[in-house]
Amino acid sequence: MLKEITQTEYETLDITAPTLVEFYSKTCGPCKMLGFVLKEIEKSLPDFPMYQIDFDANAELKERLGVKGFPTILLYKGGAEVERLEGLKQKPVVQKAIESLF
Amino acid sequence: MGIELKKIAHVIDEQYAAETAMLREIKAGSYTLDAPYVKLNPYLIAPLTALVCFTTPEETEAKVVVKGKEAEGDIGFSFPRAKEHLLPIYGLYAETDNTVEITLGTGAVKTLSIRTEKAPDSVHLPTGVKCVPGYLGGKVVFLSPTSPASTAAYDYRGDVRWYGTLNFAFDLKRVKNGRLLIGTNRLLLPPYNVTGLFEMGMIGKIYKEFRLFGGYHHDQFEMEDGNLLILTQDPSQGTVEDMCVLVDRGTGQILKSWDYKKVLPQYPTGGSGSQDAHDWFHNNAVWYDKKTHSLTFSGRHQDIIINIGYDDHELKWIIGDPDNWPQEMVDKYFFKPVGDLSRFDWQYEQHACLVLPDGDVMCFDNGHWRAKRKENYVKARDNFSRGVRYRIDTEKMEIEQIWQYGKERGAEFFSSYICNVEYYGEGHYLVHSGGIGYMNGEACELPPVAYQDEGVRFNSITVEVKDDQVMYELEIPANYYRAEKLDLYCPEDALTFGKGELLGSLGVTEEFTTVPDLPAGGAVPEKYALKMAQESDRLVIKALFEKGQMVMLLLEGKTTHAYFVPTTKRPYLAMCVGTFLENDERAVELPISFENISGDYKISLIIDEYKYDTGVEISI
């Protein structure tokens, strides 16, 4: 499941379960490409929760989470961030990071 | 209008064709001292060189003298006994009927007149030269550019006696076989990493190109066995300018590597005013010291010179201001200043470290920012750059500044980037401040080439100091990476015929495994100004894309190869060589190595929501 959310929706996420959150920008080529990577992953993992957050429109949240640039992927498990991927990553790298959550 | 795939021959192939034609002409003729064969610029890239050929009935020596504008400007060389004489001519003046005198061992003399063309405007002329006539002997000072200019060599009068027409990059050094090593003109990773190194004779013949997967930047060093230490990086690691490799001189293969990430903390630890996470160390010099069997590297973006064991790869010491470094590192690796502390200064964002025979360490202290904390940064107008020599005691971990030149000249000698020092003997040094720049009359805070502004005024001052007296000073209105004083003629640099070699490898360009399935958009819109060039070992695409566009290049044949094209540029905080920069900030360049690719392919481009057909097919 791949869905765009805002800060308000982020606050309600259940991050005790394995979850992926991606910060992206509309003005970023690598972010657009990473979007296609996540869509590809969604095909094989339709139930895995993946959320996209607009870096520019959610300034307070990205500051709080220490997200310095885009694209940035945060991976959560057990209520805490367990891994962070910065920059454009290939599908196998993202898949491996997701698998490590289980 | 259709898009064309331009085929670009490698300079080695072009030179081989020219050489083959030249040798055919020589063989077909019957050339004597009185009527010799003369070929100006025989290898196409060094217009102030020539080759003179003739035969003599008996073996005899031959002496060549290129007559100077005055006697001190004569440049000559004696060639060994031969019947077939192949005499390289170096040191001609541009746009001149040069007088070249050839004297045989028999006493026979021939005076030739060799006409040269006007040098291009990129061969800048000095605005100031101070030198005792004849002080340099037959030597000249080579300067390799970082602002728009040509690599050129200047004599004691400031007259140009050699220049190259290729966009060579970084330092030019002479190696034991008499040839020159310099960065190639082929851009690999923007803004200035090139494919590797050329090994070139003074006549301009390229004997070898050493190619590297991570490209080449800044500096190289020839080991005693001829193998080469070359500064590079591993593009897959996401950082740059933090790796050195040892390259086999015969094959171009990488034999050994040193990764500084294994011995140093990275961003933001110890960061200079120019550091970022991507270019956290910015290695700009390498030196091997046989006595200690160790390597010394300069890291501009941590304001440090480090020493690493050649075999054990362990960090031995660090020269630099210890402020803002972790205390456990300060205690273990940093030196404590001793001696006259009123004269002592640390170096900041330095370049060109070298270890002297007695173990002293020299460098060019750019002094950029001149502090470890932002609140203490020094403005360029109040700053200075200098050559400095430190004496270090690695037992007591003490450091003493024993010489410097440049602080007294203040901001007029300030270079925020590049530059070098050379050691010629005790008390005898070269200090090259090649990165001076002014905007609106004030010294530039950043490297002048980074401004890309017509209002920037470039300058370069090269000084040779002997016993604290300035013996030579050359001022040129451009920026030059380093200065090297060399003889044009060198007995070991004998011209040999045959095709040059492409060694090493550009590696496999990383492919992107996800290819979006997008609707066809027809032909590539002209606004992207797409250009493609096929070289012998790679495809290079150039285009104009807005920041943030999603672009992918597809080679579609029996298999498909897909490459992500970055359109978002990083801010370059260290524009060490600006000669590859395009004027348009939308300019994007991507080389794709042919390693592991062969066959016929159709070239397509994905740009945002559509897949475009370039109409170009390529055979690899």
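The analysis underlying the following values was restricted to heavy atoms, covering all of them including side chains, and did not include hydrogens, waters or symmetry mates. If you're wondering where the values come from, they're calculated on a predicted model, not measured in any experiment. Residue numbering restarts at 1 for every chain, and letters A, B, ... go by the order of the sequence lines.
- Checked against the 6.0 Å centroid criterion, the rings of H218(B) and Y192(B) qualify as a close aromatic pair.
- A salt bridge is absent between D56(A) and K26(A); no separation between the charged side-chain nitrogens and carboxylate oxygens falls under 4.0 Å.
- Classification of D234(B) and K261(B) as a salt-bridged pair fails, no side-chain N sitting under 4.0 Å from a carboxylate O.
- The residues R64(A) and E11(A) are annotated as salt-bridged, a charged nitrogen and a carboxylate oxygen being separated by less than 4.0 angstrom.
- Heavy-atom distances place no part of E609(B) under 4.5 Å from chain A, backbone and side chain included.
- Contacts between L518(B) and chain A at a heavy-atom distance below 4.5 Å involve the side chain alone, from C-beta outward.
- With a threshold of 4.5 angstrom between heavy atoms, F512(B) approaches chain A through its backbone and through its side chain.
- Of the two parts of D517(B), neither the backbone nor the side chain holds a non-hydrogen atom closer than 4.5 Å to a non-hydrogen atom of chain A.
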